[in-house]
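If you're wondering where the values come from, they're calculated on a predicted model, not measured in any experiment. Chain A is the first sequence line, chain B the second, and so forth, proteins listed ahead of strands; every chain is numbered from 1. Values below: every heavy atom of this structure, side chains too, minus hydrogens, waters and symmetry copies.
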There are 2 protein chains.
Amino acid sequence: MLFSDTGMTDHVMTIRQMCDAFDVTPRTLRFYEAKELLFPRREGQKRLFTRRDRARLKLILRGKRFGFSLEEIRQLLDLYYVGDQQATQLEATLDIARDRLREMERKRDELTAAVDDLRHQMKMVEDMLSSVDTVKDAAE
Amino acid sequence: MLFSDTGMTDHVMTIRQMCDAFDVTPRTLRFYEAKELLFPRREGQKRLFTRRDRARLKLILRGKRFGFSLEEIRQLLDLYYVGDQQATQLEATLDIARDRLREMERKRDELTAAVDDLRHQMKMVEDMLSSVDTVKDAAE
DNA sequence: AGTAACGATGACGTTTACGTAAAGAGAACG
DNA sequence: CGTTCTCTTTACGTAAACGTCATCGTTACT
């Protein structure tokens with residue numbers, strides 16, 4: 001069981017502790033649970049978030065910053081918590097993973113290019129400004 | 001006028017040509033115009049998209065892939081089409097640009113880390129699968 | 001026992017980014 | 001001249017991702 005939690009250090013957290021730790025609202029956490037992105041345990045009524053939930057939430061928030069939808073993120077999350085499944089299932093999972101990886105690499109490369117573009121553009125504006133300053137210096 | 005189109009090569013395009021070229025719907029282009037992301041000229045009723053519009057649309061679609069909102073993209077676009085403004089305005093513009101740049105760099109770095117993570121995760125699954133195959137080979 | 005405080009469960013509201021259908025203007029073709 | 005496109009505006013609809021009540025159930029003081 002390569003990826004299953006043995007739960008040695010399962011320090012659980014309440015919803016409020018989670019909100020403070022990750023800067024999200026309770027609504028968000030309940031929403032993620034409804035969408036099967038998180039699986040907090042229940043103690044009576046109350047939700048208890050495990051280490052696994054925290055790891056998943058971290059990936060969720062990261063994925064969101066990259067512009068992935070929650071549904072895409074859910075698929076990504078499944079890659080990280082495979083558990084003991086059939087090998088055929090795993091092969092399919094790997095295919096999805098390869099797709100996601102390609103997408104992320106493409107995104108990263110585009111982003112790198114965009115950063116360079118923006119840098120270049122800023123440099124032009126900066127040069128323009130400095131020349132204006134020179135003119136102003138000369139005029140004063 | 002460092003960034004203004006002189007319009008030498010202003011081959012204009014109809015909305016349909018734009019849609020085919022960029023794989024978007026007419027609705028999307030009109031929507032972007034309404035949100036002041038594009039400024040097609042008018043010939044009577046009809047919209048005519050210039051080289052400038054095409055450049056902007058390219059940046060819009062790129063920005064969307066990065067997970068920026070249209071409003072954020074609009075601010076970014078303004079950086080690329082400064083025109084002849086006051087230097088004080090440009091300084092403020094540069095500040096925004098620096099913020100955006102930092103955000104994009106942070107995103108790029110996170111994405112790079114995520115790509116590495118995913119690669120690592122996939123390798124583990126692949127190893128697991130190959131060991132399963134070995135067992136299967138031995139059993140057959 | 002009373003009353004905050006925290007958490008749960010609906011259920012309706014909101015924003016973003018368009019989709020989609022209705023109705024009309026204008027060129028083009030047979 | 002009628003019809004067929006392409007384009008227009010107007011307007012209502014929709015999916016995603018939550019926000020925002022309202023209501024109710026438990027602890028937890030005091």
Side-chain angles (χ1 to χ4, degrees), chain A residues 10-50 53-54 56-78 100 103 107 110, chain B residues 10-50 53-54 56-78 100 103 107 110:
Chain A
D10 251 21
H11 168 56
V12 298
M13 290 172 70
T14 79
I15 201 168
R16 172 84 2 227
Q17 293 174 317
M18 288 290 283
C19 292
D20 293 348
F22 291 94
D23 192 36
V24 294
T25 70
R27 177 69 173 99
T28 299
L29 294 179
R30 297 193 191 108
F31 183 75
Y32 289 167
E33 182 185 3
K35 287 300 181 78
E36 308 201 88
L37 292 162
L38 298 177
F39 308 96
R41 290 166 14 203
R42 291 305 178 99
E43 181 151 310
Q45 254 313 46
K46 303 192 169 177
R47 291 170 173 81
L48 291 180
F49 295 85
T50 70
D53 291 312
R54 293 192 289 278
R56 293 177 71 97
L57 182 52
K58 214 182 275 185
L59 288 176
I60 293 169
L61 299 178
R62 177 192 273 179
K64 287 204 59 185
R65 284 194 296 278
F66 299 160
F68 289 112
S69 74
L70 289 185
E71 177 51 30
E72 290 172 316
I73 292 171
R74 204 183 52 71
Q75 295 182 24
L76 249 174
L77 279 174
D78 292 344
R100 287 271 164 275
E103 198 180 335
K107 236 173 202 173
E110 273 192 69
Chain B
D10 251 22
H11 168 56
V12 297
M13 288 171 70
T14 77
I15 200 168
R16 173 80 4 225
Q17 292 174 319
M18 288 289 285
C19 293
D20 293 347
F22 290 94
D23 192 36
V24 294
T25 70
R27 177 70 174 100
T28 300
L29 295 179
R30 298 191 191 108
F31 183 76
Y32 290 167
E33 181 184 5
K35 288 300 180 80
E36 308 200 271
L37 292 163
L38 298 177
F39 307 97
R41 291 169 11 205
R42 289 305 177 99
E43 183 152 309
Q45 260 304 49
K46 303 189 171 179
R47 292 170 173 80
L48 291 180
F49 295 85
T50 69
D53 291 311
R54 291 193 289 278
R56 294 177 70 95
L57 182 53
K58 213 182 274 185
L59 288 177
I60 293 170
L61 298 177
R62 178 193 274 179
K64 287 204 58 187
R65 283 195 296 277
F66 299 158
F68 289 112
S69 74
L70 289 186
E71 177 51 30
E72 291 172 315
I73 292 172
R74 205 182 53 70
Q75 296 181 25
L76 249 174
L77 279 175
D78 292 344
R100 287 272 165 274
E103 198 181 334
K107 232 172 208 178
E110 272 192 71

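When rounded to the nearest whole Å, the span between NZ of Lys46(A) and C1' of dT27(D) equals 6 Å. Rounding to whole angstrom units, CZ of residue Arg42(B) and P of dA25(C) are separated by 17 Å. Between the C1' atom of dC6(C) and the CE atom of Met18(A) lies a distance of 17 Å, rounded to the nearest Å. Atom-to-atom, CD1 of Ile15(A) to C1' of dA5(C) comes out at 15 Å; the value is rounded to the nearest Å. Regarding Arg65(B), its CZ atom lies at a distance of 16 Å from the P atom of dA17(C), rounded to whole Å. Rounded to whole Å, the distance from CD1 on Ile73(B) to P on dA17(C) is 8 Å. A straight line from CG of Leu48(A) to C1' of dC6(C) spans 13 Å, rounded to a whole angstrom. Atom pair Glu33(B):CD and dC18(C):P shows a separation of 15 Å (rounding to whole Å applied).
Between Tyr32(B) and Lys64(B), the shortest heavy-atom contact is OH-CD, 3.5 Å.
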Just do the side chain to side chain contact (heavy atoms under 4.5 Å, CB included) check on Arg41(A) and Arg47(A) with the steps written out, would you? CA-CA 6 Å; Arg41(A) 290 166 14 203; Arg47(A) 291 170 173 81; over 6 Å; no
Heavy atoms under 4.0 Å is the rule here; annotate nucleotides 15-22 of chain D 5' to 3' with B where the base is hit, S where only the sugar-phosphate is, and - elsewhere. --BBBB--
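As judged by a 4.0 angstrom heavy-atom cut-off over every strand, Arg30(B) is placed among the base-contacting residues.
Projected onto DNA chain D by closest heavy-atom contact, Gln45(A) and Arg47(B) fall at different nucleotides, the more 5' of which corresponds to Arg47(B).
Met18(B) CE to Thr28(B) OG1: the interatomic distance, rounded to the nearest 0.5 Å, is 11.5 Å.
With Lys35(B) contributing its side chain and Leu70(B) its backbone, the two residues share no donor-acceptor pair below 3.5 Å. Not one N or O on the side chain of Arg65(B) forms a donor-acceptor pair closer than 3.5 Å with the backbone of Lys107(A).
Annotation: side chain of Leu29(B) is not in contact with side chain of Asp53(B) (no heavy-atom distance under 4.5 Å). Side-chain contact between Lys46(A) and Thr14(A) is absent, with no heavy atoms from C-beta onward closer than 4.5 Å.
Between Arg16(A) and dA8(C) there is no side-chain polar atom (N or O) within less than 4.0 angstrom of OP1 or OP2.
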